[in-house]
Colleague: 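The structure's right below; bear with me while I get my questions together.
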Amino acid sequence: MINEFDTIAAIATAVSNAGIGIIRISGENSLKILGEIFEPAGKNVKEWESHRVYYGNIKEKDTVIDECIVLIMKAPKSYTRENVVEIDCHGGVSVVYRILNLVIKHGARPAEPGEFTKRAFLNGRIDLSQAEAVMDVIDAKNELARRNSVAQLKGELSDRIKKVREEVLYQIAYIESALDDPEHMSLDGFSEKLGGLVQNWIEATQKMIDSYDNGRYIAEGIRTCIVGKPNAGKSSFLNALLGEERAIVTEIAGTTRDTLEESVNLDGITLNIVDTAGIRDTEDTVEKIGVEKARKEIDQADLVLFLVDTSVPFHKEDLDILERIKDKRKIVLLNKSDIDNYREEDYEALKSRLQKEDPILPISAKYHKGMDIFVKELKNLMFHGKIDANQEMYITNARHKKALDDSLESFRCVKESIENGMPEDFFTIDLMSAYEKLGLIVGEAVEEDLVNEIFSRFCTGK
């Protein structure tokens, strides 16, 4: 059975041949274990000093395993608020595992995934939202995602949640105190005052909820589907975005028969792109499977990029695709615009079937023309032209979004009770519900199983 007070150890760097490898130890016996396996150079250390670096050898009996430096961080001024030791050795797989096994032999146990960060949470150094942000920083796919995760790690989300919770708790306490002692505490005019506060909480909560879609796009990337009839230039466009010849391009219609997935970073925005088979009616069995896959990808996409071949007349296949994507966020790309062969009647037929907010852009995938305008329109469509994690914090975690949705519903119930002239004791029920739901974000009153599930997603050593 896992004991949360054991001394734990793990490799904290990627396990591969590299310049350096780090073994992290945390727990009451960290310094004792270090004293048994580490021989400092030049002096005999009687007492380890905190936040100092020592140079010497890791030894097993009289055998030197590696020349290392060791970093000491004594509780509570460490990542876990326990005694922490980090051994920096050479990064060979063999030597790193040899030292880890030696640490375990002297009394540590292997750490579970995320156990160092879990201890930081359990010991009160960070709350649960900050702990989750640690993993978000590690997994960040672009600079915007990294900055947003760091903001949450520094406590920006926690501060907002805690501020609302403190205000809610104060009002709950006031109501209950006034009901218990009406002679000394009056509730006259209280409903009107509370109504203003509840409206502020609703707006603050709604603002965080509204940031979720943008936050998800920043953190996870925008699932983007490239569609068009055969030979419209989808694969050429994918290659232009990637800056390499990733997809096969030929003059033969129907070259792409399966979906091809790639990720690309465009000015801080990550697109998880799926290049699909050209959509048309076909008797070819393999191509037919590819077309069906393309239709499914359209349904799952956050964004559709519809490539139209302007070198040939507008076709029924184009109209069929437009009908399929009519309710999706989309950008229409008039490809092969360098040929200058597009007919006005085709343009009007296309425009009449689009929403007014759907961008229509001339491009040349072959010659990489129009790509800068495409990125600008992408920002306008997905982020209303503004995306700056330095100025705005985005909700990126589905668990946080659910807790915010539930708390918003509770606040709205309070507002409805006030408007209906209900007694003050009715308010406390929904106020307490909102208080508890917001508490789930920062880890108060959260169930142990959920905590274990969250930290199980972490890498070992973090």
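Position 1 is the first residue of the sequence; numbering continues from there.
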Colleague: When you measure from the side chain of Lys336 to the backbone N and O of Ala365, does any donor-acceptor pair fall under 3.5 Å?
Modeller: no
Colleague: Quick one: side chain to side chain contact (heavy atoms under 4.5 Å, CB included) partners of Ile20, sequence neighbours excluded?
Modeller: Asp88
Colleague: Under the ring pair (Phe, Tyr, Trp, His ring centres under 6.0 Å) rule, collect the residues that match up with Phe455, sequence neighbours excluded.
Modeller: Phe458
Colleague: Any chance you could lay out the salt bridge (charged side-chain N to carboxylate O under 4.0 Å, His left out) test for Asp320 and Lys316, step after step, and finish with the verdict?
Modeller: CA-CA 6 Å; Asp320 291 343; Lys316 178 181 177 298; 2.9 Å; yes
Colleague: Show your reasoning for whether side chain to side chain contact (heavy atoms under 4.5 Å, CB included) applies to Ile99 and Cys68.
Modeller: CA-CA 11 Å; Ile99 295 173; Cys68 305; 4.2 Å; yes
Colleague: So that I can tick it off, tell me whether Asp159 and Lys163 are bridged by a salt bridge, with the cut-off set at under 4.0 angstrom between side-chain N and carboxylate O.
Modeller: no
Colleague: Under the side chain to side chain donor-acceptor pair (under 3.5 Å) test, which residues partner Arg412, sequence neighbours left out?
Modeller: Gln206
Colleague: Which pairs with one or both residues in residues 8-27 pass side chain to side chain donor-acceptor pair (under 3.5 Å), sequence neighbours excluded?
Modeller: Arg24-Glu86, Ser26-Thr80, Ser26-Glu82
Colleague: So does Ile209 get a backbone contact from the side chain of Lys401, meaning a donor-acceptor N/O pair under 3.5 Å?
Modeller: no
Colleague: How close do Val96 and Gly21 get, heavy atom to heavy atom, and via which atoms?
Modeller: CG2-CA, 4.1 Å
Colleague: Kindly indicate, with the supporting measurements, whether the criterion side chain to side chain contact (heavy atoms under 4.5 Å, CB included) is fulfilled by Phe411 and Val164.
Modeller: CA-CA 11 Å; Phe411 285 139; Val164 174; 4.0 Å; yes
Colleague: Quick check: closest heavy atoms across Lys330 and Leu354, and the distance to 0.1 Å?
Modeller: CE-CD2, 3.7 Å
Colleague: Would you say Lys74 has more than 12 foreign heavy atoms packed within less than 6.0 Å of its NZ?
Modeller: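 Yes - once you tally the heavy atoms of other residues, nucleotides and ligands closer than 6.0 Å, there are more than 12.
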Colleague: Once ring pair (Phe, Tyr, Trp, His ring centres under 6.0 Å) is applied, do any residues pair with Phe116, and if so which ones, sequence neighbours excluded?
Modeller: none
Colleague: Which residues satisfy the side chain to side chain contact (heavy atoms under 4.5 Å, CB included) test with Arg146, sequence neighbours excluded?
Modeller: Ala140, Glu143, Val150
Colleague: Any chance you could lay out the side chain to side chain contact (heavy atoms under 4.5 Å, CB included) test for Phe374 and Leu305, step after step, and finish with the verdict?
Modeller: CA-CA 10 Å; Phe374 164 71; Leu305 305 179; 3.7 Å; yes
Colleague: Please report the closest heavy-atom contact between Leu157 and Ser129, naming both atoms and the distance.
Modeller: CD2-CB, 4.1 Å
Colleague: For Tyr394, does its backbone N or O pair with a side-chain atom of Asn148 as donor and acceptor, under 3.5 Å?
Modeller: yes
Colleague: Just how far is it from atom CD of Gln300 to atom CZ of Arg223, taken to the nearest 0.5 Å?
Modeller: 5.5 Å
Colleague: Measuring from Ser149:OG to Lys154:NZ, what's the distance to the nearest 0.5 Å?
Modeller: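 Answer rounded to 0.5 Å: 13.0 Å.
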Colleague: Output all residues satisfying ring pair (Phe, Tyr, Trp, His ring centres under 6.0 Å) with Phe306, sequence neighbours left out; order by chain, then residue number.
Modeller: none
Colleague: Show the numbers, then the answer: is there a side chain to side chain contact (heavy atoms under 4.5 Å, CB included) between Arg119 and Ile8?
Modeller: CA-CA 11 Å; Arg119 290 192 176 194; Ile8 58 174; 3.4 Å; yes
Colleague: Considering non-hydrogen atoms only, spot the tightest contact between Arg125 and Tyr79 and give its length.
Modeller: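 For Arg125 and Tyr79, the tightest heavy-atom pair comes out as NE-O, 2.7 Å.
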Colleague: Of all residues at least two apart in sequence or in a different chain, which pass the side chain to side chain contact (heavy atoms under 4.5 Å, CB included) check with Asp327?
Modeller: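 With neighbours one apart ignored, the set is empty.
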Colleague: Can we say Asp299 and Arg324 salt-bridge, meaning some charged N sits less than 4.0 Å from an Asp/Glu carboxylate O?
Modeller: yes
Colleague: Within this structure, what is the CD1-SG distance for the pair Ile325 and Cys225, rounded to the nearest 0.5 Å?
Modeller: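 If we round to the nearest 0.5 Å, Ile325:CD1 and Cys225:SG are 9.0 Å apart.
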Colleague: Begin from the C-alpha positions of Glu115 and Arg109 and carry the test salt bridge (charged side-chain N to carboxylate O under 4.0 Å, His left out) through to its verdict.
Modeller: CA-CA 12 Å; Glu115 191 168 2; Arg109 69 163 170 80; 2.6 Å; yes
Colleague: Mark yes or no for whether Asn272, through its side chain, and Ser263, through its backbone, hold a donor-acceptor pair below 3.5 Å.
Modeller: no
Colleague: Is a side-chain N or O of Thr428 found less than 3.5 angstrom from the main chain of Ile172, in a donor-acceptor match?
Modeller: no
Colleague: Once rounded to the nearest 0.5 Å, what's the spacing between atom OG1 of Thr270 and atom OH of Tyr217?
Modeller: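 It is 14.0 Å, given to the nearest 0.5 Å.
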Colleague: Can you name the closest pair of heavy atoms from Ile418 and Ser191 and give their distance?
Modeller: CG2-O, 3.7 Å
Colleague: Please check: side-chain N/O of Asn142 versus main-chain N/O of Ile218, any donor-acceptor pairing under 3.5 Å?
Modeller: yes
Colleague: Could you list the residues that satisfy ring pair (Phe, Tyr, Trp, His ring centres under 6.0 Å) with Tyr435, not counting sequence neighbours?
Modeller: none
Colleague: Show every salt bridge (charged side-chain N to carboxylate O under 4.0 Å, His left out) that has at least one partner inside residues 428-438, sequence neighbours left out.
Modeller: none
Colleague: Any chance you could measure Leu144, atom CG, to Ile269, atom CD1, to the nearest 0.5 Å?
Modeller: 7.5 Å
Colleague: Before giving the answer on salt bridge (charged side-chain N to carboxylate O under 4.0 Å, His left out), spell out for Lys162 and Glu166 the whole-Å C-alpha distance, their side-chain angles and the decisive distance to 0.1 Å.
Modeller: CA-CA 6 Å; Lys162 288 173 182 176; Glu166 287 171 3; over 6 Å; no
Colleague: Any donor-acceptor pair under 3.5 Å linking the side chain of Lys369 with the backbone of Tyr367?
Modeller: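 The answer is no, because no donor-acceptor pair under 3.5 Å joins these two groups.
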Colleague: Determine yes or no for a side-chain-to-main-chain donor-acceptor pair under 3.5 angstrom, with Lys415 supplying the side chain and Val198 the backbone.
Modeller: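 Flag not set: sc Lys415 to bb Val198 has no pair under 3.5 Å.
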Colleague: Sub-3.5 Å donor-acceptor pair from the side chain of Gln152 to the main-chain atoms of Gln130, do we have one?
Modeller: no
Colleague: In sequence, state the C-alpha distance, the side-chain angles, and the governing distance for Glu203 and Gln199, and then conclude on side chain to side chain donor-acceptor pair (under 3.5 Å).
Modeller: CA-CA 6 Å; Glu203 290 173 4; Gln199 185 59 38; 3.2 Å; yes
Colleague: Let's go through Arg399 and Glu132 carefully: what are the C-alpha distance in whole Å and the side-chain angles of both, what is the deciding distance for salt bridge (charged side-chain N to carboxylate O under 4.0 Å, His left out) to 0.1 Å, and is it a yes or a no?
Modeller: CA-CA 10 Å; Arg399 188 183 72 82; Glu132 290 169 299; 2.8 Å; yes
Colleague: Going from CG on Leu438 to CD on Glu444, what distance comes out if it is rounded to the nearest 0.5 angstrom?
Modeller: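 So the CG of Leu438 and the CD of Glu444 are separated by 10.5 Å.
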Colleague: With sequence neighbours left out, write down each residue that passes side chain to side chain contact (heavy atoms under 4.5 Å, CB included) with Lys193, or none if nothing qualifies.
Modeller: none
Colleague: Under the ring-ring contact (aromatic ring centres under 6.0 Å, His included) definition, can you give me all pairs with a residue in residues 139-177, not counting sequence neighbours?
Modeller: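 Residue pairs with at least one partner in residues 139-177: Tyr174-Phe190.
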Colleague: Crowded around Glu416 CD? As in, over 12 foreign heavy atoms under 6.0 Å?
Modeller: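 Result for CD/Glu416: open.
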Colleague: May I ask you to decide if Asn335's main-chain N or O and Thr310's side chain share a donor-acceptor pair within less than 3.5 Å?
Modeller: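 A pair under 3.5 Å: yes.
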Colleague: Check this for me: does any side-chain nitrogen of one of Arg329 and Asp302 sit under 4.0 Å from a carboxylate oxygen of the other?
Modeller: no
